[in-house]
Peer 1: 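Take this structure first; my questions come after.
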Amino acid sequence: MATKREFDADDTSSAKRVKMENGNGSLDPASNPYLAHWNEPMAKKDPSNSADRLHSFKRHATTAKQAKAAEDGPINPFTGKTLSNNYFSILHKRRDLPVHQQREEFLKLYQESQILVFVGETGSGKTTQIPQFVLFDDLPQLNAKMVACTQPRRVAAMSVAQRVAEELDVELGAEVGYSIRFEDKTSPSTILKYMTDGMLLREAMHDNNLTRYSTIILDEAHERTLATDILMGLLKEVVLRRPDLKLIIMSATLDATKFQKYFHNAPLLAVPGRTHPVEIFYTPAPERDYVEAALRTVLQIHATEEEGDILLFLTGEEEIEDACRKINLETQDLIREDAAGPLTVYPLYGTLPPAQQQKIFSPAPPPLKPGGRPGRKCIVSTNIAETSLTIDGIVYVVDPGFSKQKVYNPRIRVESLLVSPISKASAQQRAGRAGRTRPGKCFRLYTESAFKKELIEQTYPEVLRSNLASTVLELKKLGIDDLVHFDLMDPPAPETLMRALEELNYLACLDDEGELTTLGRLASEFPLDPALAVMLVTSPEFYCSNEILSLTALLSVPQIFVRPASNRKRADEMKDLFAHPDGDHLTMLNVYHAFKSDDAQANPKQWCHDHFLSYRALQQADNVRLQLKRIMEREELELMSTPFENKKYYENIRRALVAGFFMQVAKREGNGKTYTTVKDEQNVLLHPSTVLAQDSEWVVYNEFVLTTKNYIRTVTAVKPEWLLDIAPNYYDLATFKKGEIKQALQRVVTKMERKEAEKGRR
DNA sequence: GAGCACTGC
């Protein structure tokens, strides 16, 4: 039984290798005490060992006592090797974690119930310990299955896997591994796999019952990412089809009963966390200018509070950089007056290069003179410090109560970022950041009554704030036929679903009955938005799949052009070197080709720096391109180019663009600067960053940006004939409202018909 | 004449 997984494993070559080595017993450190220290990977995998070591364990009938005895060694029950000293010293600390108090209780509920909701506050140890508790009772190795534990973020999946591998005294990637986009660190011997929630969702698309797993743990479920929400809906159905599958939903306290209710009143187990108390202060009256109030508060803390670092939450890059400058200036004044010690200010936001992000972990500055006023650091951060990054040593948190949040307006099909009040849950999370190392203080720049009466309980889950086109495509691929009755924890507005279905229908991914088409099935194989996926899948028809492949990759990574405030002119000049008069898409492609040239590859980092391009983004694009290319090859989509000398080289690319983005087209109004989007009839302006000459009558755009004005960004000129030709369903003139756009298209139709007729006469 | 919160496949 125990060796069965070798034959089930995807990686047949390594499975074979394991088998051969198993034949040679003397190489197995478990059976040869003189080789127990031997750490060569080739000698370690032997799944049958675990069955031997845990032979007295009856699946789903074990006790905490049994597990503890097995953990106490001296032999590693999963590898058969002697446990290291490091292992025992960690084991000692692990047993101190709050979750260990309730191991027996956990096992009982886990064994009794198919679904379990587990609530553990920060510091409870749930993410590292619960999967191990499961391992000793679920014994996935006996059935050639795995235990999966999902995380919303890649870094978390990687770092937790690393930690748990150390705790179990195994090599990372062997019994404990992780799986994230671009990196699968697992092997045939893996029995515990940490992975991103998106990754598990991808797997589910090819294996609707997730048969590789015997237990699935959804961690950080309270974050309610799109992937977690869909997985919950899916797993709710899968558990009915697979009575052998167990499911654990892990969450921070807040919303636990909601999860419980959603899963037919599944049992709930709560474990306290281990944090220090945080004292909360409110302002007596509402603040008019939250940035100004925040700066004042930071300086006051610095001048009057005892030692300890400060974390200030603001909403975006510009606001943060500005605040950092001001805090620095004011601190100089305080120091001159000898009213405060030194203060180092660090900005923190997602688009900051990793090296700069790392700086926040440097220690606070020492007093200016021995015995002088204490120095401290102040971190001014976006929401990234709320969940993704934890900084030890923070004692003071300043929370103005705002963050930028994505909102989706299905009426005009536009996602945009809006500065909005945070939720109570967010406010609590922010305050908690002050109590990680010792008791702290949190200064909320709003009144207590505003907190109680105005803040919503929870931030709306992503599923209620997003365009659901790709989600609907995924659900179809997951085998969900009846979307309207698919049981999501928070069902989105019917209009959002209708919009998504409509969009997919126009893209020919769904037929008129709402069934997945061949194109839709192909498109769903790509980790891309449907429009991009359709553009890529159809690009061979336009003889430019190589180029569209590059472009697709470029469009799915962050901005490649860098434009530092101090050197805008030079940056713009450099961009002009790559500019293509027909538009930004072609310009980006020129950049990519230049980046891949031998000249640039000699020293790509320097080359990017010299040309004001983001090396990180271009490298990422390269990575994405490779992944997409592999999928294209697997799906037998041909990779080809129109010869560069051919007149149609760029025209073919522009036509292929239309095949995916025909719903994102705008027409210039008269000879002016304003454009109107087709069908939705929004008035928009070309984003000032465009290289496109103002005289293009019809353009496709990649995104709609709602800021001070309505902009369309990344635009390329197209011909109206192509629209009618390539997307006849969408450009069925009968469906257009009366107006300038319809008239213009009507004229094009007439012209095309006349040409056609002339051709016929000749 | 501009400003991308944060993730993820």
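Small disclaimer: the values here were computed from a predicted structure and weren't measured. Hydrogens, waters and symmetry mates play no part in the numbers below; they use all other heavy atoms, side chains included.
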Peer 1: For B/dG1, does either OP1 or OP2 sit under 4.0 Å from a side-chain N or O belonging to A/Lys709?
Peer 2: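 For A/Lys709, the contact criterion (side-chain N or O under 4.0 Å from OP1 or OP2 of B/dG1) is not met.
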Peer 1: Could you tell me how far apart A/Leu706 (CG) and B/dG3 (P) are, to the nearest whole angstrom?
Peer 2: 10 Å
Peer 1: Given atom CD of A/Gln429 and atom P of B/dA5, what is their separation to the nearest angstrom?
Peer 2: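 So the two atoms are 20 Å apart, to the nearest Å.
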Peer 1: To the nearest Å, how far apart are A/Leu418 CG and B/dC6 P?
Peer 2: 16 Å
Peer 1: Grab the CG-C1' distance between A/Asn383 and B/dT7 for me, whole Å please.
Peer 2: 12 Å
Peer 1: Looking at A/Phe561, does the NZ or CZ of A/Lys575 lie under 6.0 angstrom from its six-membered ring centre and within 45 degrees of the ring axis?
Peer 2: yes
Peer 1: When the distance from CD of A/Glu462 to P of B/dA5 is rounded to whole Å, what number comes out?
Peer 2: 16 Å
Peer 1: A/Leu201 has an atom CG; how far is it from atom C1' of B/dG8, in whole Å?
Peer 2: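 In whole Å, B/dG8 C1' and A/Leu201 CG are 10 Å from each other.
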Peer 1: For A/Asp490, give me all partners under side chain to side chain contact (heavy atoms under 4.5 Å, CB included), at least two apart in sequence or on another chain.
Peer 2: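 For A/Asp490 the side chain to side chain contact (heavy atoms under 4.5 Å, CB included) partners, ignoring immediate neighbours, are A/Arg224, A/Lys258, A/Pro461, A/Leu464.
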Peer 1: Is the distance from OP1 or OP2 of B/dT7 to the nearest side-chain N or O of A/Thr196 less than 4.0 Å?
Peer 2: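 So the side-chain polar atoms of A/Thr196 never come under 4.0 Å of the phosphate oxygens OP1 or OP2 of B/dT7.
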Peer 1: Between A/Tyr701 and A/Phe704, what is the ring plane arrangement, given parallel below 30°, perpendicular above 60°, and tilted in between?
Peer 2: perpendicular
Peer 1: Considering only B/dA5, B/dG8, B/dG1, which nucleotide approaches the side chain of A/Lys406 most closely?
Peer 2: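 It is B/dA5.
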Peer 1: Looking only at side-chain atoms of A/Arg181, point me to the closest of B/dC9, B/dC4, B/dT7.
Peer 2: B/dC9
